[in-house]
Amino acid sequence: MNKLTAKVIKKFIEYYEGDNLRVNHALKVYGFAASIGALEGLEEDELLCLEIAAVLHDIGIKLSEIKYNSAAGNYQELEGPPEARKLLEEFRLDEKLVERVCYLIGHHHSYSYIDGLDFQILIEADFLVNIFENNLKGEAIQPLKNKYFKTDSGKMYFDTLYII
Ligand SMILES: [Fe+2]
């Protein structure tokens, strides 16, 4: 694991202190995203961006629940990027990297905005975890594969984990 990713995970766990559900979700999505990203041949800087975005992708939920009493995707997308920016500030990262991370966080429920392999992999990783966490099975998940999985590695994980 990249040292920066480790530090971001630490900050994220502090941010969601006591909320094991959110922390475990983020770590699972990170694991799938990092693996798929590496298997699909992302460059090192792209992989780092994907890893950070995967850890932080649901950071907007906390404020959404406080402000709107809802974790709906549109609220998360609105509240997430400024929170991610604050969390990342101390690392003095390249602005392009922060911007991309914020874009991914701010659109991760808006599938029509997928504009790159990093984005695509984040979506696949989130689905791989959400299918498990929501206990979806059989006919409920088959359309998800066709609709949202594009990479060979993501499809391979889908087939291996969710044998239909
Ligand atoms: Fe998620």
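Every number for a ligand or one of its atoms is a count from 1 in the order of the listing. The structure displayed is predicted, hence computed values, not measured ones.
- Contact check on R85 versus E89 returns no salt bridge, with no Lys/Arg side-chain nitrogen under 4.0 Å from an Asp/Glu carboxylate oxygen.
- By the 4.0 Å N-to-carboxylate-O rule, K86 lies close enough to E83 to be salt-bridged with it.
- Between F119 and Y113, the ring center distance fails the sub-6.0 Å criterion.
- Close placement of the H57 and H25 rings is indicated, their centers lying within 6.0 Å of each other.
- Distances under 2.8 Å from the Fe ion (ligand 1) pick out the protein N/O/S atoms H25 NE2, H57 NE2, D58 OD2, D126 OD1.
- Taking the ring centroids of F127 and Y111, they lie under the 6.0 Å cut-off.
- A salt bridge links K67 and E79; the closest N-O separation between the charged side-chain nitrogens and carboxylate oxygens is under 4.0 Å.
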